[in-house]
2 protein chains.
Amino acid sequence: MKTPKENMPDGQEPFFNYTLSIINGKWKLLIIYYLSKNGVVRYNELQRMLGKITYKTLSTTLKEMQNDGLIHRQEYPQIPPKVEYSLAEKGQTLWPIIQEMCQWGEHNQEK
Amino acid sequence: MKTPKENMPDGQEPFFNYTLSIINGKWKLLIIYYLSKNGVVRYNELQRMLGKITYKTLSTTLKEMQNDGLIHRQEYPQIPPKVEYSLAEKGQTLWPIIQEMCQWGEHNQEK
DNA sequence: CTGTATCCTAGCCGATACTG
DNA sequence: CAGTATCGGCTAGGATACAG
């Protein structure tokens with residue numbers, strides 16, 4: 001999602017746009033959530049945790065998150081291959097936001 | 001954006017999905033931000049603040065936010081018509097999240 | 001096991017014209 | 001002034017097949 005920061009008329013520039021662009025997409029917060037709770041997780045484990053995500057979407061999403069500096073990717077050149085993902089520090093600092101969002105959701109979500 | 005809460009494998013159900021669905025889209029946080037700062041705002045004012053949003057997108061977005069209970073719509077049956085938008089309480093409670101997101105964005109956004 | 005490559009689709013969002 | 005109607009593009013994300 002492109003955020004419209006380029007045309008703020010009055011010079012104010014709220015920084016949440018960047019945060020939103022980092023967080024957006026259907027899966028990123030969920031991935032951060034699982035990595036937070038489980039530490040180091042392999043590709044297939046992650047796929048199973050997420051439920052219905054396709055391999056293509058998962059790998060695209062992980063690559064984006066890696067480029068954004070949110071997660072680490074550790075590859076072991078074995079046969080069969082093994083790749084582990086974990087939260088980078090930048091990813092960990094998102095935790096307060098996730099907490100707030102969980103709280104808000106819990107208080108406001110209707111059944 | 002549909003969030004994948006329907007298939008959480010291990011019974012955990014993070015509530016941020018609901019929050020995310022409330023916040024998503026290109027304009028909602030920005031609208032909340034402006035309503036927070038300016039109180040009661042008319043339709044056209046809002047349009048000017050937001051810069052490049054089209055009337056259609058704006059009115060669709062406002063309607064969604066109204067349905068979600070985030071904002072109030074006050075209509076004055078005059079000629080010419082006048083409609084004022086303001087934050088509802090539910091919308092105001094999002095402010096801590098926005099704050100956190102602004103902070104995080106400010107610390108992490110690269111130039 | 002860990003991915004890519006193609007193809008496809010739904011839905012967001014914009015442009016433009018029109019209305020009460 | 002405050003919208004709606006119509007049209008259409010773009011892109012995130014899914015299905016499926018293939019690859020190292």
Side-chain angles (χ1 to χ4, degrees), chain A residues 1-7 9 17 20-32 34-35 38 40-68 70-86, chain B residues 1-7 17 20-31 34-35 38 40-68 70-86:
Chain A
M1 180 178 63
K2 286 172 203 144
T3 49
K5 78 156 194 266
E6 63 282 348
N7 45 276
N17 277 328
L20 206 48
S21 74
I22 285 290
I23 270 179
N24 82 346
K26 196 167 170 179
W27 303 102
K28 290 183 181 176
L29 273 188
L30 212 46
I31 289 172
I32 293 178
Y34 281 129
L35 289 182
N38 300 314
V40 176
V41 182
R42 296 184 62 175
Y43 184 80
N44 251 345
E45 285 183 282
L46 211 39
Q47 205 267 356
R48 255 173 279 123
M49 289 174 180
L50 292 169
K52 286 184 188 158
I53 195 170
T54 59
Y55 287 118
K56 179 208 156 191
T57 303
L58 179 54
S59 90
T60 311
T61 305
L62 288 173
K63 211 173 290 176
E64 283 175 23
M65 295 175 72
Q66 202 186 334
N67 289 337
D68 290 334
L70 300 180
I71 61 175
H72 283 310
R73 196 190 105 110
Q74 177 66 36
E75 183 174 355
Y76 299 90
Q78 313 170 344
I79 306 245
K82 174 176 169 184
V83 180
E84 293 178 339
Y85 292 92
S86 57
Chain B
M1 179 178 64
K2 284 173 204 142
T3 48
K5 79 157 195 270
E6 65 280 351
N7 45 274
N17 277 327
L20 207 48
S21 75
I22 285 289
I23 270 179
N24 81 347
K26 198 168 168 179
W27 302 104
K28 290 183 180 176
L29 272 188
L30 212 45
I31 290 173
Y34 281 129
L35 290 181
N38 301 313
V40 177
V41 181
R42 298 183 61 174
Y43 184 79
N44 254 342
E45 284 182 283
L46 212 39
Q47 204 267 356
R48 256 173 277 123
M49 288 174 181
L50 293 170
K52 288 184 185 156
I53 194 170
T54 61
Y55 286 117
K56 180 207 156 192
T57 303
L58 178 55
S59 91
T60 311
T61 305
L62 288 172
K63 211 172 288 175
E64 283 176 23
M65 294 175 71
Q66 202 185 334
N67 289 337
D68 290 335
L70 300 181
I71 61 176
H72 282 312
R73 196 189 106 112
Q74 177 66 36
E75 183 174 355
Y76 300 91
Q78 315 169 343
I79 306 240
K82 173 175 166 183
V83 180
E84 291 177 339
Y85 292 92
S86 57

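Computation of the quantities below employed the complete heavy-atom set of this structure, encompassing side-chain atoms and omitting hydrogens, waters and symmetry-equivalent molecules.
Residue A/Asn24 contributes atom CG, which lies 15 Å from atom C1' of C/dG11 at whole-angstrom precision. Here the P atom of nucleotide D/dC1 and the CD atom of B/Glu84 are 14 Å apart, to the nearest Å. Between the CG atom of B/Leu50 and the P atom of D/dA2 there is a distance of 14 Å, given to the nearest Å. Distance CD (B/Glu45) to C1' (D/dG3): 16 Å, rounded to an integer number of Å. To the nearest angstrom, P of D/dC1 lies 14 Å from CG of B/Leu46. Across the protein-nucleic acid pair, A/Ile23 atom CD1 and D/dA12 atom P stand 17 Å apart, rounded to whole Å. Whole-Å rounding puts the A/Leu62 CG to D/dA12 P distance at 16 Å. Rounded to a whole Å, the OH atom of B/Tyr85 is 14 Å from the P atom of D/dC1.
In this structure, A/Arg73 reaches the C/dG3 phosphate: one of its side-chain N or O atoms is under 4.0 Å from OP1 or OP2. At C/dT4, one or more side-chain N or O atoms of A/Ser59 fall inside 4.0 Å of OP1 or OP2 (strictly under the cut-off). Neither OP1 nor OP2 of D/dG3 sits under 4.0 Å from any side-chain N or O of B/Lys63. For C/dT4, neither phosphate oxygen OP1 nor OP2 lies less than 4.0 angstrom from any side-chain nitrogen or oxygen of A/Tyr43.
Classification of the A/Tyr43-A/Tyr55 ring pair by plane angle, with boundaries at 30° and 60°, yields parallel.
The side-chain heavy atoms of B/Thr57 and B/Lys26, taken from C-beta on, include no pair separated by under 4.5 Å. Here the side chains of B/Met49 and B/Asn38 are in contact, with some heavy-atom distance below 4.5 Å. Side-chain contact between A/Ile31 and A/Leu58: present, with at least one pair of heavy atoms (C-beta onward) separated by less than 4.5 Å.
For the pair B/Gly25 and A/Leu20, the tightest heavy-atom approach, listed with the atom from each and the gap, is O-CD2, 4.4 Å.
With values rounded to the nearest 0.5 angstrom, A/Ser59 atom OG is found 10.5 Å from A/Gln66 atom CD.
For B/Arg42, the listed nucleotide lying nearest its side chain is D/dC1; candidates were D/dC1, C/dT2, D/dG3.
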Treat primed atoms plus P, OP1 and OP2 as sugar-phosphate and everything else as base, then score nucleotides 14-20 of chain C 5' to 3': B for base contact with protein heavy atoms under 4.0 Å, S for sugar-phosphate contact only, - for none.
BB----B

Does the pair A/Val41 and A/Tyr34 meet the rule for a side chain to side chain contact (heavy atoms under 4.5 Å, CB included), with working shown?
CA-CA 9 Å; A/Val41 182; A/Tyr34 281 129; 6.0 Å; no

